[in-house]
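For reference, the structure is listed below as structure tokens.
Note that ligands are numbered from 1 as they come in the structure, with each ligand's atoms numbered from 1 the same way. Along the sequence shown, residues are numbered consecutively beginning with 1.
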Amino acid sequence: MKKLFIIANWKSNKTIEETEKWLHDLSEGLNKENINLGDKKIIIAPSFISLEHANYCAKNLKFPVEFAAQDISAFDEGAYTGEINGRQIKELANYVIIGHSERRKYFGETDELIGQKVSIATRHDLAPIFCIQNENTPIPHGAEIVAYEPVFAIGSGHPDTPENAEEMSKSIKKELGDIPVLYGGSVVPENVKSFTSMPNIEGVLVGGASLDSHKFLEIIKNA
Ligand code: PGA
């Protein structure tokens, strides 16, 4: 069976206290329903401020989740006010989301800056979860997981078709070899299986529906 990545991207949501409650509720739900994660790898991407406490909670709950940062500084440590660098992130996460369309749209991130972030991440042994918007998005060397996230599908309730996502994955693998490719954009409990059952899709990146621990539990179960 293929390994499935199920990633929660909380974006700019949840306080530290809410993070603790979500992790507690999800872990309780999985235990209560006796769900064996098997080949499903759960990765949570909370805000930076919650990462440390999220690690602490997961350890206490003996909950086998991993963590991702939602962003990384394009620079190493030094005089870059407000930035969180790779060495700092590595203490708290093994993955980092890079190239999300919201970073491009609201923060003006360019292909060049994004490429710099990927090389910084790999230098600190953080696996980049690299988002592409369409077949023209350049994928920098060092991307370890690719997430196909068409802009029209993000937060809209209108996902792309599993067939389109499968075709996109095939063309990425043709270019880059056997790299895990995920789909993201309006994934919900009702449609997750239609994506994860595609032979070349290795998981999902979930935004809105991951904020509710019960919905996210359903996504894990149905994937
Ligand atoms: P969505 O977001 O699930 O709310 O559509 C996905 C994403 O932006 O990663």
Exercise for review: Identify, by atom number and element, the atoms of ligand 1 in contact range of Leu205, meaning under 4.0 Å from any of its heavy atoms.
Suggested key: 9 (O)
Review point. How does Ile154 reach ligand 1, if at all, at less than 4.0 Å between non-hydrogen atoms: by side chain, backbone, both, or neither?
Key: both
Check your understanding: Going by the atom numbers of ligand 1, which of them fall below 4.0 Å from some non-hydrogen atom of Asn9?
Key -> 9 (O)
Review point. Touching ligand 1 at all, Gly155? Heavy atoms, strictly under 4.0 Å?
Key: yes
Check your understanding: Can you tell me which residue and heavy atom of the protein come closest to atom 2 (O) of ligand 1, and the distance to 0.1 Å?
Key -> Lys11 NZ, 3.3 Å
Practice item. Have a look at Phe130 and tell me which of Ile179, Ile145, Ile98 forms a side-chain contact (heavy atoms from CB on, under 4.5 Å) with it. Key: Ile98
**Study point:** Numbered atoms of ligand 1 (with element) below 4.0 Å of Gly185, judged on heavy atoms
**Key:** 5 (O)
Check your understanding: Does ligand 1 have any atom sitting under 4.0 Å from a heavy atom of Ala153?
Key -> yes
Revision key, fill the gap. Note: ligand 1 atoms sitting under 4.0 Å from heavy atoms of Gly208 are 1 (P), 3 (O), 4 (O)
Check your understanding: What do you reckon, does Ser186 put a non-hydrogen atom under 4.0 Å from ligand 1?
Key -> yes
Point to revise | Polar contact flag, side-chain donor to acceptor under 3.5 angstrom, Tyr148-Asn164 | key: no
Exercise for review: Find all atoms of ligand 1 within a distance of less than 4.0 Å from any non-hydrogen atom belonging to Gly207, and give their numbers and elements.
Suggested key: 1 (P), 2 (O), 3 (O), 4 (O), 6 (C)
**Study point:** Donor on one side chain, acceptor on other, His100 and Asp71, under 3.5 Å
**Key:** no
Practice item. For His100, counting its heavy atoms only, list the atoms of ligand 1 lying under 4.0 Å from any of them. Key: 7 (C), 8 (O), 9 (O)
